[in-house]
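Notes follow once the structure below has been shown.
Letters go in sequence order (proteins before strands), and every chain restarts at 1.
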2 protein chains.
Amino acid sequence: MFQKIKAYYKKLVPAITDNELTALEECLTVREIGKGGFLIRQGQVCSHVTFMNEGLLRIFYTVNGKDVAIGFVGENEYISEYESFLTRKPATQNIDVLVDAVLIDLGYNDMQRLYKTYPSIQEFGRKIAEQLFIMLNQRNTSLLILSPEERYRYMIEMNATLLQQVPQYMLASFIGVTPEHLSRIRKKMMTS
Amino acid sequence: MFQKIKAYYKKLVPAITDNELTALEECLTVREIGKGGFLIRQGQVCSHVTFMNEGLLRIFYTVNGKDVAIGFVGENEYISEYESFLTRKPATQNIDVLVDAVLIDLGYNDMQRLYKTYPSIQEFGRKIAEQLFIMLNQRNTSLLILSPEERYRYMIEMNATLLQQVPQYMLASFIGVTPEHLSRIRKKMMTS
DNA sequence: TGTAGTCATTGATAAATATCAAGAAATATA
DNA sequence: TATATTTCTTGATATTTATCAATGACTACA
């Protein structure tokens with residue numbers, strides 16, 4: 001059950017010891033959520049970081065009754081409403097399940113304790129934060145310097161397989177346009 | 001000279017020891033850059049993280065010959081083209097000086113060595129990455145769910161003093177509109 | 001002090017994108 | 001399979017924002 005997540009830690013911090021991995025494993029819990037379910041809703045404090053054993057998730061804002069996607073997360077990736085997790089304040093983002101998910105949770109208090117006790121896990125925490133920073137930075141860049149059409153091309157190019165399972169109106173909100181407009185962008189891309 | 005930066009470390013990691021602070025101090029170098037100068041240009045690999053002892057900096061993209069600001073950084077803050085610093089790849093962003101700056105640099109190799117040797121500095125590295133993540137996340141949120149006018153209000157509210165020294169056309173690019181349009185937004189805000 | 005350059009404002013027009021409404025296509029479900 | 005529901009597409013129109021051009025205000029500095 002914990003093979004994938006342990007491999008993930010090992011890949012990011014090769015120096016991690018079996019002892020440290022065991023300490024980690026003792027803190028992990030497994031959860032399953034079906035399509036349409038939520039990991040977290042805005043307003044709740046996010047109490048876990050979660051590793052995706054299988055499934056597909058969306059992380060999104062709800063603004064004036066409309067959803068704005070900010071990411072899609074598939075197998076073998078970490079997910080959390082990380083700002084809420086770090087600050088212990090209510091989440092501004094939601095996470096829901098697009099494809100039935102099997103999740104592995106690590107709670108806040110356990111994580112802080114592991115950080116204190118095990119240097120390699122502290123190092124893992126640093127590297128995860130750095131990775132998330134890089135991802136957000138790239139997302140930010142694309143919002144600032146690309147047109148919606150370019151963002152669409154780029155997104156598809158990066159994640160073709162993952163995104164085949166995501167409805168088009170969610171992709172539209174991710175690139176920052178209405179579903180109608182994305183439909184027109186696609187039409188235009190066909191002809192040219 | 002190193003009072004401010006040491007206080008900064010101490011605030012983020014209260015458990016840091018004098019020994020660790022001394023090890024840090026031995027790696028620091030001071031640099032001064034006048035208005036109009038650059039800390040880094042896109043294409044270069046960013047080799048330092050930099051603490052602002054005094055001055056005001058802008059971090060920005062250049063796209064089709066136009067500048068797009070992504071942030072302004074004043075005294076007592078950390079700044080870096082952090083993605084380039086972490087990945088050792090060419091920077092996509094520029095950093096230039098708006099108000100004469102006195103900077104304290106910490107190089108990449110020194111930093112990795114400090115991480116390995118001193119747990120509190122590793123912890124500092126994690127917390128800095130987490131802070132940067134949170135900042136970017138908030139910036140991202142504002143780009144996705146606020147109108148340009150709302151972004152302008154929000155930006156001013158957050159940073160009134162700092163931004164008084166920034167020309168309006170740079171603020172326009174930061175909130176994602178043309179200088180002409182920002183001028184109209186301001187006009188509209190006056191009357192209402 | 002004057003002059004060149006930069007910056008901010010304003011107006012007219014064009015382009016990009018949203019909204020609203022309807023229908024077509026795809027998907028789920030009884 | 002038939003029907004209901006959701007998603008995607010298309011058209012007409014409205015709104016937002018950019019572009020281009022001109023002018024006025026401010027700043028630096030020779």
For this session: Grab the NZ-P distance between B:K187 and D:dT16 for me, whole Å please.
Result: 16 Å
For this session: Kindly indicate whether the side chain of B:E180 and the base of D:dC20 share any N or O donor-acceptor pair separated by less than 3.5 Å?
Result: yes
Exercise. Tell me: CD of B:E149 to P of D:dT15, nearest whole Å?
Worked result: 17 Å
Problem set entry | Side chain of A:Q168 - closest among D:dT19, D:dC8, C:dT10 | D:dC8
Exercise. Rounded to the Å, how far apart are B:Y169 OH and C:dG5 C1'?
Worked result: 12 Å
Problem set entry | Separation of C:dA12 C1' from B:H181 NE2 (nearest whole Å) | 16 Å
Seminar exercise, completed: Interatomic distance, CE@A:M170 vs CG@A:L182, rounded to 0.5 Å, equals 13.5 Å
Problem set entry | Same cluster (ILVMFWY, side-chain, under 4.5 Å), B:F174 and B:L39 | no
Seminar exercise, completed: Rounded to whole Å, CZ of A:R186 lies from P of C:dA25 at a distance of 15 Å
For this session: Figure out the CG/P separation between B:L171 and C:dA8, and round it to whole Å.
Result: 8 Å
Exercise. OP1 or OP2 of D:dA18 sitting under 4.0 Å from any side-chain N/O of B:T178?
Worked result: yes
Problem set entry | Distance test, side-chain N/O of A:K66 to OP1/OP2 of C:dT19, below 4.0 Å | yes
Problem set entry | Residue A:R184, side-chain heavy atoms: nucleotide from D:dG11, C:dT9, D:dT19 that is nearest | D:dG11
Exercise. Given B:H48 and B:T50, is the side-chain contact (heavy atoms from CB on, under 4.5 Å) satisfied, shown in steps?
Worked result: CA-CA 6 Å; B:H48 298 85; B:T50 299; 4.1 Å; yes
Problem set entry | Nearest to side-chain heavy atoms of B:P167, which nucleotide of D:dT10, C:dA8, D:dT7 | C:dA8
Exercise. From D:dC8, D:dA18, C:dA18, pick the nucleotide closest to the side chain of A:V177?
Worked result: C:dA18
Exercise. What is the distance from atom CZ of A:R31 to atom CG of A:D105, rounded to the nearest 0.5 Å?
Worked result: 4.0 Å
For this session: Would you check if the side chain of A:E77 reaches a backbone N or O of A:G74 as a donor-acceptor pair within less than 3.5 Å?
Result: yes
Exercise. Can you check the B:I185 CD1 to D:dA18 P distance for me, whole Å?
Worked result: 8 Å
For this session: Round to the nearest Å and state the distance from B:M170 atom CE to C:dC7 atom P.
Result: 7 Å
